[in-house]
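The figures here come from the full heavy-atom set of this structure, side chains too, leaving out hydrogens, waters and symmetry mates. Order of listing sets the numbers, starting from 1, for every ligand and every atom in it.
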Amino acid sequence: MSEKKSTEDVIIIGSGPAGYTAAIYAARANLNPLMIEGYQSGGLLMLTSDVENFPGFPEGIQGPELMSHMRKQAERFGTRFIQKNCTDVDFSRWPHKVHVDNEVYEAKSVILSTGAATKWLGLDSETRLLGKGVSSCATCDGAFFKGSPLVVVGGGDSAMEEANFLTKYASSVTVVHRKESLRASKIMQDRAQKNPKIKFVWNTAIEEVLGKDAVTGVRVKNVKTNATSEIPCDGFFVAIGHEPNTGFLKGKVELDEKGYIILRNRPTTATNVKGVFAAGDVQDTVYRQAVTAAASGCQAAIDAERFLESLH
Ligand code: NDP
């Protein structure tokens, strides 16, 4: 292990819209932030195509381009980047320690913005057709399916919300669920079941997403009878949950039962650890939008700045 000599004012771990926005604000506040970007910088938006709902881009913008702009803006004000993953943190003593492989960095404040990962079914056809009709974000991609038949998989609140939202555009939405009852809250179930454009297919698993260059349907299997059939569709939305990227934070900062970081003192971004703040999807179970992530990154940088001032 090699320990860095100087103590950083702020280290930002994670590089989606939350992390980059935190970096822009921290850098402009002369905190000279160090960002641990990860090997795959940019976060979930690197996986999307057109982003039409980020304010300021009336014609829309590609997800990777938006992230590249944010990174450049953070760099312009002096953010330093390490393109590796954070492997461990030690918040047991202050200043905090952040491990990147064999290097150890010390920081007075840390902003956690490692995001969340979409849960996928794990089918090869799902990966191959991602962005070509397969999506995990109705808010992002729903408008591309005007007048189309769509399929949503999942039985929780996310699936109900996605299905309801998609009926604004789709000709029909078929919800495929592996059980015969939903996990979603009563109100969300009722709303979906009352929606004339939504129908349900129960006790059914997705076996394959069909299509060569674009989605044409899904092959499904009834888990009780083992009968297989095909449902034609132009878009396939996976809504089986998200997983926060907090594996390396277990036991280091307070997490809820699903692994999301708990903010102790809302509306601030403070965690239960002094000088450690969290922003973006890693602490957000409700909104999960690029613009809300960016906003909370701004809040975290301001919180870190105030914390550093309080040390004097
Ligand atoms: P959940 O974990 O609640 O639900 C996931 C659903 O996907 C379950 O029905 C589950 O099936 C199904 N599923 C999981 N893995 C697979 C798989 N491999 N194949 C097929 N189906 C699968 O996740 P959500 O994202 O829906 O919700 C997460 C949290 O966020 C919840 O607390 C929810 O209340 C909240 N939320 C709230 C919203 C709101 O209030 N507006 C909107 C969205 C989310 P099974 O039931 O069989 O386990």
Side-chain angles (χ1 to χ4, degrees), residues 44 47-48 53 115-127 129-130 134-142 150-168 173-195 198-210 215 217-231 233 235-247 254-263 266 278 280-293 296:
L44 280 178
L47 306 176
T48 58
N53 53 13
T118 304
K119 268 176 75 179
W120 295 99
L121 296 170
L123 303 170
D124 288 345
S125 51
E126 171 191 54
T127 314
L129 292 164
L130 184 60
V134 173
S135 171
S136 62
C137 177
T139 326
C140 319
D141 298 330
L150 300 176
V151 168
V152 172
V153 62
D157 280 339
S158 290
M160 296 310 104
E161 192 169 64
E162 302 265 289
N164 266 312
F165 182 83
L166 289 169
T167 59
K168 286 188 191 181
V173 177
T174 305
V175 176
V176 176
H177 183 39
R178 62 185 178 184
K179 293 194 181 133
E180 60 193 4
S181 61
L182 297 165
R183 179 197 288 255
S185 57
K186 180 86 173 63
I187 186 165
M188 303 282 277
Q189 291 193 29
D190 287 351
R191 202 172 294 154
Q193 275 162 346
K194 278 190 198 135
N195 189 320
I198 298 179
K199 56 180 182 247
F200 290 86
V201 175
W202 304 107
N203 297 314
T204 297
I206 306 288
E207 276 207 328
E208 207 66 71
V209 189
L210 305 172
V215 171
V218 288
R219 191 171 70 238
V220 296
K221 179 168 139 184
N222 185 301
V223 293
K224 296 226 154 139
T225 64
N226 283 339
T228 57
S229 58
E230 289 184 9
I231 306 174
C233 63
F236 174 60
F237 285 78
V238 179
I240 60 172
H242 286 81
E243 288 169 325
N245 298 319
T246 51
E254 201 176 358
L255 305 176
D256 71 12
E257 73 283 356
K258 289 199 169 139
Y260 287 89
I261 297 172
I262 297 174
L263 300 188
R266 288 179 193 272
D281 285 7
V282 77
Q283 52 79 43
D284 179 1
T285 57
V286 181
Y287 302 106
R288 299 191 191 110
Q289 300 299 301
V291 70
T292 51
S296 69

Can you sort out the partners of Asp190 under salt bridge (Lys or Arg N to Asp or Glu O under 4.0 Å), two or more places apart, ordered by chain and number? Lys186
Mind checking what makes side chain to side chain donor-acceptor pair (under 3.5 Å) contact with Asn164, not counting sequence neighbours? Asn195
Straight-line distance of Gln189 CD to Ser181 OG, nearest 0.5 Å: 7.5 Å
May I ask you to decide if Trp202's main-chain N or O and Thr204's side chain share a donor-acceptor pair within less than 3.5 Å? yes
Check whether Asn203 reaches the backbone of Glu180 with its side chain - one donor and one acceptor, N or O, closer than 3.5 Å. yes
Run the ring pair (Phe, Tyr, Trp, His ring centres under 6.0 Å) test against Phe236 and tell me which residues pass, sequence neighbours left out. none
Can you list, by chain and residue number, every protein residue with a non-hydrogen atom closer than 4.0 Å to ligand 1? Lys119, Leu121, Gly154, Gly155, Gly156, Asp157, Ser158, Glu161, His177, Arg178, Lys179, Arg183, Met188, Ile240, Gly241, Lys258, Thr285, Arg288
